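Quick notes on the structure that follows.
Note that the structure is predicted; figures quoted are calculated from it, not measured. In this chain, residues are counted from 1 in sequence order. What you see below is based on every heavy atom in this structure, not just the backbone, and it leaves out hydrogens, waters and symmetry mates.
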Amino acid sequence: MPKAKGKNRRQKYSYNLNRKRLYRSARRRAAPRIACSHIRHAWDPTKSVAQNLADMGLAEDPNKAVPIHKQKLLGMEMENGGRKKIVRKPYVVNEMEYEASLPEKKSNTLSRDLIDYVQYMIQNHGENYKEMARDEKNYYQDTPKQIKRKINVYKNFYPEEYKAFIASLKQEKMDMQ
């Protein structure tokens with residue numbers, strides 16, 4: 001079958017097309033991406049971003065929310081040009097403050113393979129890191145300093161488990177003698 005006429009021609013740039021207007025209208029239609037669930041639930045799509053944030057008691061511009069010290073010295077201590085803000089949805093800020101005050105969970109964990117590797121090295125070589133580096137189970141060819149660092153990470157992440165492991169090693173040595 002023959003090809004359609006004009007398919008292989010180079011596309012010509014249209015100088016008469018206003019791309020800025022197209023880009024702006026596409027941006028205006030897109031809804032903002034909101035990460036915080038509290039803000040997402042209180043968001044009113046009929047209002048602007050500034051109005052939504054003002055209703056929640058949040059700052060739109062951090063530079064205006066926290067005045068610079070030099071301006072305070074000049075006597076510019078008026079809030080938003082003399083207007084007081086009315087917070088219609090204070091529960092959003094309260095929920096965010098409560099969530100921020102909760103203690104953070106420690107999510108630091110080591111892989112089971114790394115724990116087994118460290119325990120094997122300590123069990124067979126004790127504190128001799130140079131000997132550990134020459135061990136055949138040192139697949140990744142870690143240097144003595146790298147092995148020492150891995151053991152220290154294990155000690156810091158699991159101090160109780162490390163103490164119990166060392167105690168069991170001492171007990172095994174006592175039983176062998």
Side-chain angles (χ1 to χ4, degrees), residues 27 30-45 47-73 76-77 79-80 85 87-177:
R27 274 185 60 211
R33 289 186 176 201
I34 303 169
C36 181
S37 63
H38 308 298
I39 296 174
R40 191 180 309 119
H41 292 300
W43 195 266
D44 185 5
K47 294 182 179 179
S48 70
V49 174
Q51 289 171 338
N52 270 310
L53 292 176
D55 286 350
M56 292 177 215
L58 300 172
E60 178 190 8
D61 186 7
N63 295 325
K64 292 178 182 174
V66 180
I68 301 171
H69 297 292
K70 290 180 183 177
Q71 290 179 346
K72 281 186 179 178
L73 295 175
M76 298 180 71
E77 295 181 359
E79 286 187 27
N80 288 347
K85 288 186 180 178
V87 180
R88 293 190 175 94
K89 300 176 183 177
Y91 61 90
V92 175
V93 175
N94 296 338
E95 288 171 355
M96 289 174 71
E97 286 176 352
Y98 171 74
E99 204 172 278
S101 68
L102 293 175
E104 193 174 321
K105 294 179 185 175
K106 284 190 175 181
S107 62
N108 297 340
T109 58
L110 297 177
S111 67
R112 191 72 236 166
D113 294 337
L114 183 63
I115 292 170
D116 293 340
Y117 171 77
V118 167
Q119 288 180 349
Y120 167 82
M121 289 297 185
I122 293 172
Q123 189 173 10
N124 290 341
H125 306 291
E127 293 288 316
N128 192 348
Y129 300 111
K130 288 184 180 179
E131 201 174 300
M132 290 180 194
R134 283 188 245 116
D135 193 291
E136 62 183 20
K137 286 252 183 159
N138 184 8
Y139 299 125
Y140 297 110
Q141 298 181 351
D142 292 329
T143 62
K145 277 190 175 182
Q146 288 172 323
I147 294 171
K148 184 176 183 179
R149 197 175 305 123
K150 286 181 180 181
I151 291 172
N152 287 335
V153 166
Y154 174 67
K155 285 180 188 178
N156 293 335
F157 279 20
Y158 304 102
E160 295 88 20
E161 188 178 322
Y162 176 76
K163 288 175 185 173
F165 176 68
I166 295 297
S168 70
L169 284 179
K170 287 181 182 176
Q171 187 65 29
E172 284 179 17
K173 286 183 181 177
M174 296 286 279
D175 291 342
M176 292 192 117
Q177 291 176 352

Begin with the C-alpha distance, continue with both residues' side-chain angles, and end with the deciding distance and a verdict on side-chain hydrogen bond (donor to acceptor under 3.5 Å, both in side chains) for Tyr117 and Asp113. CA-CA 6 Å; Tyr117 171 77; Asp113 294 337; over 6 Å; no

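- With sequence neighbours excluded, the residues that form a salt bridge (Lys or Arg N to Asp or Glu O under 4.0 Å) with Lys150 are Asp142.
- To the nearest 0.5 angstrom, Ile39 atom CD1 is 7.0 Å from Leu53 atom CG.
- For Glu161, the side chain to side chain contact (heavy atoms under 4.5 Å, CB included) partners are Arg112, Ile115, Gln119, Tyr154, Tyr158, not counting sequence neighbours.
- Residues Thr109 and Phe157 have side chains not in contact (no heavy-atom distance under 4.5 Å, counting atoms from C-beta outward).
- In this structure, CD on Glu60 lies 7.5 Å from OG on Ser48, to the nearest 0.5 angstrom.
- Here the CD1-CG distance, from Ile147 to Asn138, works out to 4.5 Å after rounding to the nearest 0.5 Å.
- A donor-acceptor contact closer than 3.5 angstrom is absent between the side chains of Tyr120 and Asp116.
- Applying the side chain to side chain contact (heavy atoms under 4.5 Å, CB included) test to Lys170 and every residue at least two apart in sequence or in another chain returns Ile166.
- Residue pairs meeting the salt bridge (Lys or Arg N to Asp or Glu O under 4.0 Å) criterion with at least one member in residues 127-140, sequence neighbours excluded, do not occur.
- Residue Leu169 comes nearest to Gln123 through the heavy atom pair CD2-CG, 3.6 Å, listed as atom of the first residue, atom of the second, then distance.
- The number of heavy atoms from other shown groups lying within 6.0 Å of CD (Gln141) does not exceed 12.
- Applying the salt bridge (Lys or Arg N to Asp or Glu O under 4.0 Å) test to every pair with at least one member in residues 87-100, sequence neighbours left out, gives these pairs: Asp55-Arg88.
- At most 12 heavy atoms of other shown residues, nucleotides or ligands fall within 6.0 angstrom of atom NZ in Lys163.
- The NZ atom of Lys145 sits 8.5 Å away from atom NZ of Lys148, with the distance rounded to the nearest 0.5 Å.
- Remark: Ser101 engages Tyr98 in a side chain to side chain contact (heavy atoms under 4.5 Å, CB included) (not counting sequence neighbours).
- Considering all non-hydrogen atoms of both residues, Met96 and Cys36 come closest at CG-SG, 4.1 Å.
- Between the side chain of Asn52 and the backbone N or O of Asp44 there is at least one donor-acceptor pair closer than 3.5 Å.
- Taking both residues in full, the closest heavy atoms of Ala42 and Tyr91 are given as CB-OH, 3.6 Å, listed atom of the first, atom of the second, then distance.
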